[in-house]
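Working notes, structure below.
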Amino acid sequence: MIIEATGIHKSFGTLEVLKGVDFSAEKGEVVSIMGASGAGKTTLLQILGTLMTPDSGELRIDGKNALGLKERELAAFRGREIGFVFQAHHLLPEFTAFENVMIPAMIAGGRTQSQMKAAAEEVLSRVGLWNRLNHRPAELSGGEQQRVAIARALINDPAVLLADEPTGNLDSATKQEIHQLFFDLREQLGQTIIIVTHDPDLAALCDRELHMVDGRFM
């Protein structure tokens, strides 16, 4: 398993959000997580992405005990192994598409400037934006901005890509394009992709469709 979570519990005050959740995904698998608002989907995704620590449970990513890392080690591990795509693109408006995609590579380090530039150009080409590299977010459509966000998530070649409502703000035609893009990228790059979504069409395309109800998978 590329990612495996066992017995995940998480509460906020007296509110128990996750109640002993088990989750695993294999390399190259695309898994959707559906459920009503407040069911615990996003909380689980944040824990799987090491952005939030569970009250109890275990989490292994690519064979590594992610919960056993110190803060600095965890930040470096997260930058290498996990990519994030959110409903809001979170692109920096003053930077071009190319520059936005470069940022995680520069933070992670380990590559020369020319290697990082080549990687950014390649991943933007993969998402169909080779001719939009020098455009700022305001000059891009919503679908193009989401493609930039996906490219940014992939720049460090992570083992796992986590997406939280990645097409929630897009029109129907653009949604279908982004849905297909996830599966094209899986075929090309082999990432494990975990998608929290309310969109039954997207969920139905995935290798597995999980449903969360009141902090548990049903």
Side-chain angles (χ1 to χ4, degrees), residues 41-43 45-53 69 71-186 188-189 191 193-199 202:
K41 307 181 304 297
T42 294
T43 298
L45 201 71
Q46 290 179 337
I47 289 172
L48 295 178
T50 73
L51 295 173
M52 184 184 294
T53 302
L69 299 175
E71 187 171 344
R72 182 173 293 182
E73 294 174 321
L74 181 59
F77 176 79
R78 183 189 304 122
R80 291 192 312 269
E81 298 292 339
I82 306 169
F84 298 93
V85 180
F86 301 100
Q87 182 172 344
H89 317 300
H90 297 302
L91 301 178
L92 297 176
E94 66 271 27
F95 293 130
T96 65
F98 180 81
E99 291 166 338
N100 269 282
V101 171
M102 279 280 287
I103 290 169
M106 296 173 68
I107 292 171
R111 286 180 280 186
T112 66
Q113 190 79 0
S114 62
Q115 287 173 330
M116 288 188 287
K117 287 181 176 179
E121 289 174 355
E122 178 186 359
V123 76
L124 279 163
S125 294
R126 286 188 184 277
V127 300
L129 292 178
W130 61 271
N131 61 339
R132 308 287 275 171
L133 273 64
N134 296 315
H135 289 69
R136 288 182 170 81
E139 301 170 307
L140 301 172
S141 69
E144 287 172 334
Q145 290 182 50
Q146 192 62 299
R147 287 173 182 267
V148 174
I150 292 169
R152 180 183 58 191
L154 294 171
I155 184 66
N156 291 331
D157 191 26
V160 179
L161 182 65
L162 303 178
D164 192 359
E165 296 289 355
T167 58
N169 287 334
L170 304 176
D171 62 73
S172 296
T174 306
K175 280 183 181 182
Q176 292 177 12
E177 292 175 1
I178 298 297
H179 293 174
Q180 187 58 50
L181 177 60
F182 279 117
F183 292 91
D184 291 344
L185 291 168
R186 185 267 296 272
Q188 296 168 18
L189 303 174
Q191 261 90 16
I193 305 175
I194 302 165
I195 306 173
V196 164
T197 182
H198 283 104
D199 190 325
L202 175 54

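In this structure, T42 and E165 have side chains that are not in contact, with every pair of non-hydrogen atoms separated by 4.5 Å or more. At least one side-chain heavy atom of I178 sits under 4.5 Å from a side-chain heavy atom of I150. At least one side-chain heavy atom of R152 sits less than 4.5 Å from a side-chain heavy atom of L91. Between S141 and T174 the shortest side-chain heavy-atom distance does not fall below 4.5 Å.
Evaluation of the side chain to side chain contact (heavy atoms under 4.5 Å, CB included) rule for T96 yields F98, E99, R136 as partners, not counting sequence neighbours.
Below 30°, between 30° and 60°, or above 60°: for F84 and F86 the angle between ring planes is below 30°, a parallel geometry.
In Q188, the CD atom is crowded: over 12 heavy atoms of neighbouring residues, nucleotides or ligands sit closer than 6.0 Å. Atom CE of M106 is surrounded by 12 or fewer heavy atoms from other residues, nucleotides or ligands within 6.0 Å.
Ion pairing between a basic and an acidic side chain is recognised when a charged N comes within 4.0 Å of a carboxylate O; E122 and R126 show such pairing.
P158 and G83 get closest at one heavy-atom pair: CB-N, 3.6 Å.
Looking at Q191 and D157, their side chains do bring a donor and an acceptor atom within 3.5 Å of each other. Using modelled atom types, one finds a donor on one side chain and an acceptor on the other under 3.5 Å when comparing N156 with R111.
Annotation: the span from L185 atom CG to I193 atom CD1 amounts to 6.5 Å, rounded to 0.5 Å.
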